[in-house]
Amino acid sequence: MELGTVYEELDGLFAEGRYGEAEAFLRFRIREALREEDLPSALSMWNELGGFFRVQTRYKEGIEAFKNALEITLRLGLRASEQEATIRMNLATLYVASGQNEQADSEYEQAAWIYEKQHIRDYRLAALQNNRASLYLKEKRYDLAMENAKAALSSISGTFNNEDELGVTNTLLAQICTAQRDFEKAGVHIAQAEAAFSKLDSPNPMHYAVLLSAKGQMLSMSGQWEEARLCYESSLPLIRRHFGKNLSYASCLRNLAVCCRELQETACGEQYQAEAEKIEKEQRYERA
């Protein structure tokens, strides 16, 4: 299978927003690769499909896709390889998103063991540390979250072309500080994340959308509702343009609804709330 041609066609489908066709195309190519015993191509396609499901917030299907990728990795004799670590990190991320924190922690532990074995100390280690920090933040274990996020910052400090990683890590640090209601420090990290992303010609749209949402959360929790609304309104089109009206989009709508209610704009808030509920209902139907 010529993966270059496959990715070219896939990119075209994504660019046109034809997500259903993109999923069907990936599934077809996976079946074709397995029929031809082309395991490396099947591995690439399973990883691509898992990433697609992650963006679509279809976590159960994403977990199954990455499990299939992990099985092929082991069949290819890539045990304790960087490829295995990456898949385990992707699995862990989806476990976190679906509330399976214990399974996520186990996958992170195995990925950390592989990185230690392979002497990996760069941005890849930072990504792992950030992911673990996100898990601990979700569990409200703020000390551990801060410890891992600061370790990630240390892993990428002084390296070249690290703007995206700096933006992501500072966004996460801002979220942790906001959860601890340390809005002054959160604001500092938001500014540092904005400065990092501003140096990129094309910042990762999801990373920048998360930054905008984190800024909105900080502003809303400190009572700055109008400024928070502007952040969420800026985040919405980024999510919609690149990932469609998924659950992340619905979550942003809910945050907007809260801002509107606090600003005494009841009708606007009800509209955002209704749209969020509609999307969530459709997502549940699609999964069923």
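Here, residue 1 is the first one in the sequence, and each next residue gets the next number.
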Contact between K67 and E64 at the side-chain level, heavy atoms closer than 4.5 Å - yes or no? yes
Short N-O contact, K278 and E282, less than 4.0 angstrom: yes
Spell out, yes or no, whether Y123 and I120 are grouped together once hydrophobic residues are joined by side-chain heavy atoms under 4.5 Å, including indirect joins. no
Are L70 and M45 connected into the same hydrophobic cluster when the rule is that any two of I, L, V, M, F, W, Y join if their side-chain heavy atoms are below 4.5 Å apart? yes
Heavy-atom closest pair (C252 atom, Y232 atom, distance to 0.1 Å) is SG-O, 3.4 Å
Does R29 pair with E48 as a salt bridge, N-O distance under 4.0 Å? no
Please report the closest heavy-atom contact between A111 and A85, naming both atoms and the distance. CB-O, 3.9 Å
Distance (rounded to the nearest 0.5 Å) between L43 CG and T73 OG1: 4.5 Å
Please step through side chain to side chain contact (heavy atoms under 4.5 Å, CB included) for the pair M218 and H189, ending with a clear verdict. CA-CA 11 Å; M218 177 195 70; H189 287 298; over 6 Å; no
With a 4.5 Å cut-off on side-chain heavy atoms, are V6 and F25 touching? yes
Would you indicate whether the side-chain heavy atoms of K185 and Q180 approach each other to under 4.5 Å? no
With a 4.0 Å cut-off on N to O distance, would you call R121 and E116 a salt bridge? yes
Main-chain N/O of L256 paired with E233 side-chain donor or acceptor, under 3.5 Å: no
Under the side chain to side chain contact (heavy atoms under 4.5 Å, CB included) test, which residues partner A209, sequence neighbours left out? M206, S235, L238, I239
Looking at every heavy atom in both A104 and V96, which two are closest together, and how far apart are they? CB-CG2, 3.4 Å
Check: S222 side chain, L219 main-chain N or O, donor-acceptor pair, under 3.5 Å: yes
Is there a path from I114 to L125 through hydrophobic residues (I, L, V, M, F, W, Y) whose side chains come within less than 4.5 Å of each other? no
Closest approach of L13 and A22, non-hydrogen atoms and distance? CD1-CA, 3.7 Å
With A97, which residues qualify under side chain to side chain contact (heavy atoms under 4.5 Å, CB included), at least two apart? Y59
Could you work out, with side chain to side chain contact (heavy atoms under 4.5 Å, CB included) as the rule, every residue matching R181, not counting sequence neighbours? F183, M221
Assigning hydrophobic clusters by single linkage (Ile, Leu, Val, Met, Phe, Trp, Tyr; side-chain heavy-atom cutoff under 4.5 Å), is W46 placed with Y19? yes
Pairwise distance CG(L236) to OH(Y272) - rounded to 0.5 angstrom: 7.0 Å
Just jot down the side-chain hydrogen bond (donor to acceptor under 3.5 Å, both in side chains) partners of N246, sequence neighbours excluded, or say none. none
Kindly say whether I156 contributes a backbone atom to a donor-acceptor pair with the side chain of N162 at under 3.5 angstrom? yes
Do T178 side-chain atoms and A174 backbone N/O form a donor-acceptor pair below 3.5 Å? yes
Here the gap from L172 atom CG to C177 atom SG, rounded to the nearest 0.5 Å, amounts to 9.5 Å
Would you say that more than 12 heavy atoms from the other residues, nucleotides or ligands in this model lie under 6.0 Å from the CD of E102, or not? no
side-chain hydrogen bond (donor to acceptor under 3.5 Å, both in side chains) against E23, all qualifying residues, sequence neighbours excluded: R27, R58
Could you check N148 against N131 for side chain to side chain contact (heavy atoms under 4.5 Å, CB included), going step by step and ending with a plain yes or no? CA-CA 9 Å; N148 277 270; N131 286 340; over 6 Å; no
Measure the spacing between CD of E163 and CG of D201 and express it to the nearest 0.5 Å. 10.0 Å
Got R132 and D105 here, is their nearest side-chain heavy-atom distance under 4.5 Å? yes
Check whether any side-chain heavy atom of N255 sits under 4.5 Å from a side-chain heavy atom of S220, and report yes or no. no
Aromatic plane relationship, F14 with F52 - under 30° parallel, 30 to 60° tilted, over 60° perpendicular: parallel
Check the surroundings of atom CD in E184: do more than 12 heavy atoms from other residues, nucleotides or ligands lie under 6.0 Å from it? no
Would you say F197 and V210 are hydrophobically clustered, going by side-chain heavy atoms of ILVMFWY under 4.5 Å? no
Salt bridge or not between E275 and K245? Use side-chain N to carboxylate O under 4.0 Å. yes
Pairwise distance CG(L26) to CZ(R31) - rounded to 0.5 angstrom: 11.0 Å
Q129 vs E147 side-chain heavy atoms within contact, under 4.5 Å: no
Tightest non-hydrogen contact, residues A196 and G167, listed as CB-N, 3.7 Å
Answer yes or no: does atom NZ of K138 have more than 12 heavy-atom neighbours from other residues, nucleotides or ligands under 6.0 Å? yes
What distance separates L212 CG from Q217 CD, expressed to the nearest 0.5 Å? 13.0 Å
Evaluate L173 against M146 for side chain to side chain contact (heavy atoms under 4.5 Å, CB included), listing each step before the verdict. CA-CA 7 Å; L173 284 163; M146 185 65 73; 3.4 Å; yes
Closest non-hydrogen atom pair between L3 and S44, with its separation: CD1-OG, 3.8 Å
Acceptor/donor pairs from residues 86-95 side chains to any protein atom, 3.5 angstrom cut, sequence neighbours excluded:
| residue | atom | partner | partner atom | Å |
| --- | --- | --- | --- | --- |
| T86 | OG1 | E82 | O | 3.0 |
| R88 | NE | E84 | OE2 | 2.8 |
| R88 | NH1 | E107 | OE1 | 2.9 |
| R88 | NH1 | Q110 | OE1 | 3.4 |
| R88 | NH2 | E84 | OE2 | 3.2 |
| R88 | NH2 | Q110 | OE1 | 3.4 |
| N90 | OD1 | R54 | NH1 | 2.8 |
| N90 | ND2 | T86 | O | 3.3 |
| T93 | OG1 | M89 | O | 2.9 |

